[in-house]
Amino acid sequence: MPAASSYAESAQRTFERIEKSKLNAFITLNKQQALQTARDVDDGKVTGRLAGMTVAVKDCITTKGLQTTCASKILTGYVPPFDAEVVARLRHEGAVITGKTNMDEFAMGTSTESSYYGPTRNPWDLTRVPGGSSGGSAAAVAGLESRMALGTDTGGSVRCPAAFCGVVGIKPTYGLVSRYGVVEYANSLEQVGPIARNVPDAALLLDVIAGGDPKDSTSVAEADKVTYTDHLVDDVKGLTIGVPEEFFGEGLDKRVEKAVWDGIMTLNKLGADYRKVSLPHTKYSLSAYYIIAMCEASSNLARFDGLRYGLRTGKDENWHTTFSRIRAEGFGAEVKRRIMLGTYALSEGYYGQYYLKALQVRTLIKNDFERAFKDVDVMAAPTMPAPAFRLGEKTDDPLSMYLADVNTLPVNLAGIPSISVPCGFAGRLPIGMQLMGKFFDEPLLIRTAYTFECNTDFQKLPEGF
Ligand code: GLN
């Protein structure tokens, strides 16, 4: 196909591709506005660091005038009157926002199968999941339906789909990126993160979205001092890479284990040292994460009562009946399960046994990382314990779905940054290597990931794309 001669033409082709696609990566398209922005870039009326570049936005991030559903029936039809801070920043830099991407309902999941709008498919194998919960964002990037995308990562939702779809995903340090306008699932854990086909694009998108925001008191101005793209340097000489043995535990697919070790050896050949480290409390991450996330979710989701946003069905009766009916109709099974479990864990008599204990364990996990980072600069491990699983394979067994998050959750509990980069294949399915860093050490993660990318050949497109 000849290269498009203008941004408008290129955006037009992107929409043709999306409209023919089998991936189901998008819930809502922003075609008219996107084409207008692209024309404005062509005419020089719109400029910026992302001028003319197509960016897809996960559907839990509010977009002014564009439906935002969180892939839930309960928010279907909700058109926000404001932009999330990250979206305002995209617009300010001239991005062509293609649309809102499919996800697990309210970001609860690892496969993008719990969406009210049907599952997204993995572009490498249409019978497999793209990962989740930002599966639409990663599939859109891997399937050339947008150059870059935003996802959110509460327990792995940027890195998991990036790994399953063979693209790059960054989970920033907690507080680096504003969460203003991001529909909350578990706010002490989540961050918005970039998904892109290569490290330079991911770093560019991070440059745009990172930075303090007075509208989100948990955000900090750390990023204002840094330009991430300045750290696209092909050099890891003298670095020490930690290999946390707990991340290579039982159930790890042999092909994943080999690909990640090969990746560590590649960095070693390029001048980085490596050593095994131990994060002994890792084994409690799964339980601690799911208790904390469900507790926060049960509280955050109380606002969806059908009166203020989205779904309003049937005849209004007394408040309790109306509220219960709308929530019963509007939420899917996984969301209901989490609201119930979270409410239970927070109830009187159980709070100390579950929630408080989980918070204490969280501190131990964070301390493990701090201790290990005294001796190493970066840590490397498999992002996911296995390549993308089949659609339907885990939907009847929530616990087996949760188990897939074993290597991504500790990072969110500790609040540290992490990047997933393609590091090999199992057959035709991509494998991701997760690089983890100290608080606000995104520059070093970007340098390490970029060096790896420059010296390897895993940045491929799925067949037929
Ligand atoms: N799979 C994890 C969960 O279901 C993480 C999801 C996320 O990061 N949003 O909670």
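Keep in mind that the numbers below use all heavy atoms, side chains included, and drop hydrogens, waters and symmetry copies. Both counts, for ligands and for their atoms, begin at 1 and track the order of listing.
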Tell me yes or no: between the side chains of Thr110 and Asp405, is some donor less than 3.5 Å from an acceptor? yes

Applying side-chain contact (heavy atoms from CB on, under 4.5 Å), can you list everything that pairs with Ala380, at least two apart in sequence or on another chain? Ile241, Ile264, Met433, Leu435

For ligand 1, would you mind listing the residues that have at least one heavy atom less than 4.0 Å away, ordered by chain and number? Ala107, Met108, Gly109, Thr110, Ser133, Asp153, Thr154, Gly155, Gly156, Ser157, Tyr185, Tyr289, Tyr290, Arg338, Asp405

One thing to verify: whether Arg128 and Asp125 come together as a salt bridge, which I'm taking to mean a side-chain N less than 4.0 angstrom from a carboxylate O. yes

Those residues that, when tested against Tyr78, pass ring-ring contact (aromatic ring centres under 6.0 Å, His included) (two or more places apart): Tyr309

Using atom types as modelled and distance alone, determine if a side-chain donor or acceptor of Asn198 lies under 3.5 Å from a backbone N or O of Asp201. yes

Go through the structure and list residues passing salt bridge (Lys or Arg N to Asp or Glu O under 4.0 Å) with Asp377, not counting sequence neighbours. none

